[in-house]
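Just below is one structure, and these are the notes that go with it.
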Amino acid sequence: FDEANRDRQRGDLLLQLSPLDTLTTSLTYSIRQDDYTHSFLGLQKDDSWAAGIDVTWTPHERLSMSASYVREEHLAQLRSKYRATAELDNPTYDWVARNSDAIDTFGAGVNATLIPRVLDLGLNWNFSYALWRMEAFNPLTPTPAAASTTAVNFPAIEDTLNRLEAFLRYHFWKNWTAKLQYVFESFQKTDFRTDHLLPSEGTSNIFLGNDLKNYDAHILAFTIGY
């Protein structure tokens with residue numbers, strides 16, 4: 001019913017260029033197409049693609065810098081049936097939703113050797129912006145028509161994730177290292193489904209099992225590595 005008999009086609013490409021001894025560029029591209037050929041209702045199609053670039057520059061043996069960008073898009077199609085009290089199987093009440101997710105991720109980093117074979121420093125930053133949209137339509141004109149049987153588009157959903165990391169790594173004995181790390185994360189979203197909902201009262205019940213909250217997080221970690 002939901003994900004039966006999936007036909008998948010997928011391709012991945014990685015190209016690495018080194019025009020200079022100190023400069024390396026990686027290009028990636030991937031594409032995937034999933035068709036659920038016997039799903040009259042539920043998920044019928046789920047396609048995605050992603051393309052990215054990663055550049056690393058090493059001006060000195062003790063210093064390297066990098067920057068990256070990735071674009072991802074996910075496209076899915078679902079077909080659903082609206083069941084009214086007197087219209088349990090009205091084919092004109094079917095509706096189709098086409099969901100699209102677009103995610104842009106930016107990154108940058110610096111890694112430096114402060115004391116050769118003793119102390120390393122790292123700084124990394126990543127920022128992601130995601131935008132979700134849904135377009136809905138009725139393949140057939142609803143008859144008899146009603147507001148509840150006519151498909152409409154949902155408002156867009158946006159979210160951002162910002163992550164900053166800094167660490168010191170100490171090589172204290174042979175292959176052993178000690179690492180002190182600080183991470184700051186910030187997540188913000190705009191979601192029409194949950195932004196203005198109040199707690200349920202009386203006979204009203206609202207299930208918010210997937211209500212991701214905005215947050216700022218400070219993480220301090222100490223690890224031993226071999």
Side-chain angles (χ1 to χ4, degrees), residues 10-20 22-32 46-60 62-76 98-114 119-135 153-169 177 179-197 208-223 225:
R10 176 176 173 175
D12 299 281
L13 173 68
L14 169 63
L15 180 64
Q16 191 172 71
L17 305 173
S18 299
L20 302 172
T22 59
L23 184 65
T24 301
T25 302
S26 298
L27 303 173
T28 59
Y29 179 77
S30 62
I31 187 170
R32 191 202 71 221
D46 186 12
D47 299 339
S48 68
W49 67 268
I53 182 172
D54 193 324
V55 179
T56 301
W57 181 44
T58 309
H60 190 274
R62 294 171 55 179
L63 177 66
S64 67
M65 293 176 283
S66 62
S68 62
Y69 168 72
V70 178
R71 169 76 174 191
E72 303 172 66
E73 290 194 10
H74 303 266
L75 306 172
R98 290 176 177 167
N99 301 326
S100 65
D101 277 292
I103 307 167
D104 294 291
T105 302
F106 304 85
V110 176
N111 287 277
T113 301
L114 301 182
L119 189 62
D120 303 326
L121 169 69
L123 299 171
N124 295 290
W125 169 78
N126 281 280
F127 176 80
S128 295
Y129 169 76
L131 176 64
W132 176 89
R133 289 190 175 97
M134 190 205 76
E135 296 179 352
N153 299 333
F154 286 171
I157 298 174
E158 298 177 88
D159 65 68
T160 60
L161 178 63
N162 199 14
R163 188 178 192 275
L164 182 64
E165 174 197 17
F167 69 84
L168 283 172
R169 183 188 294 113
T177 61
K179 181 179 176 182
L180 181 63
Q181 179 187 31
Y182 168 76
V183 178
F184 170 74
E185 276 191 5
S186 178
F187 174 77
Q188 304 291 323
K189 70 173 177 62
T190 301
D191 190 336
F192 74 96
R193 300 170 299 178
T194 55
D195 283 347
H196 304 293
L197 288 179
L208 298 179
N210 195 33
D211 182 17
L212 302 177
K213 302 293 187 182
N214 296 341
Y215 71 84
D216 290 334
H218 300 271
I219 303 165
L220 188 63
F222 178 76
T223 58

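Side-chain contact check for Leu180 versus Phe167: every heavy-atom pair is 4.5 Å or farther apart. At least one side-chain heavy atom of Gln16 sits under 4.5 Å from a side-chain heavy atom of Thr24. Counting only heavy atoms from C-beta outward, the side chains of Thr25 and Ile53 approach each other to under 4.5 Å. The shortest distance between side-chain heavy atoms of Asn99 and Trp132 falls below 4.5 Å. Contact check for Ile157 versus Lys189: no side-chain heavy atoms found under the 4.5 Å cut-off. Put simply, the side chain of Pro59 reaches to within 4.5 Å of the side chain of Met65, judged on heavy atoms. Looking at heavy atoms from C-beta onward, Leu168 lies in side-chain contact with Leu114 at the 4.5 angstrom threshold. A heavy-atom distance below 4.5 Å is not found between the side chains of Tyr129 and Phe106.
Put simply, CG on Leu63 and CG on Leu121 are 10.0 Å apart, with the number rounded to the nearest 0.5 Å. Expressed to the nearest 0.5 Å, how far OG of Ser48 lies from CD1 of Ile31 amounts to 8.0 Å. Here the CG-CG distance, from Leu17 to Leu27, works out to 5.5 Å after rounding to the nearest 0.5 Å. Distance CG/Leu15 to OG1/Thr28: 10.0 Å, rounded to 0.5 Å. The structure places CG of Asn111 at 8.0 Å from CG of Leu123, a figure rounded to the nearest 0.5 Å. One distance of note links CZ of Arg32 with CZ of Arg10; it measures 8.0 Å at 0.5 Å rounding.
Listed by chain and number, the residues in a side chain to side chain contact (heavy atoms under 4.5 Å, CB included) with Leu164 are Trp125 (sequence neighbours excluded). Here Arg133 pairs with Ser100, Leu131, Ala156 under the side chain to side chain contact (heavy atoms under 4.5 Å, CB included) rule; sequence neighbours left out. For Thr190, the side chain to side chain contact (heavy atoms under 4.5 Å, CB included) partners two or more places apart in sequence, or in a different chain, are Asp195. With sequence neighbours left out, the salt bridge (charged side-chain N to carboxylate O under 4.0 Å, His left out) criterion links Asp216 to no other residue. Evaluation of the salt bridge (charged side-chain N to carboxylate O under 4.0 Å, His left out) rule for Asp159 yields no partner, not counting sequence neighbours. Every residue two or more places apart in sequence or in another chain that forms a salt bridge (charged side-chain N to carboxylate O under 4.0 Å, His left out) with Arg169 is listed here: Asp120. By the side chain to side chain donor-acceptor pair (under 3.5 Å) test, His218 is found to be paired with Tyr182, residues two or more places apart in sequence or in another chain being considered. Residues passing the salt bridge (charged side-chain N to carboxylate O under 4.0 Å, His left out) test with Glu185 are Arg163, sequence neighbours excluded. Evaluation of the side chain to side chain donor-acceptor pair (under 3.5 Å) rule for Thr105 yields Ser128 as partners, not counting sequence neighbours. Under the side chain to side chain donor-acceptor pair (under 3.5 Å) criterion, Asn124 pairs with Glu165, sequence neighbours left out. Thr223 meets the side chain to side chain contact (heavy atoms under 4.5 Å, CB included) test with Lys179; sequence neighbours excluded.
Across Ala51 and Tyr29, no two heavy atoms sit closer than the pair CB-CD1, 3.9 Å. Listed here is the closest heavy atom pair of Gly107 and Asn126: CA-OD1, 3.7 Å.
Sorted by first and then second residue, the salt bridge (charged side-chain N to carboxylate O under 4.0 Å, His left out) pairs involving residues 64-75 (not counting sequence neighbours) are Arg71-Glu73, Arg71-Asp104.
Residue-environment remark: CD (Glu135) stays at or below the threshold of 12 foreign heavy atoms within 6.0 Å.
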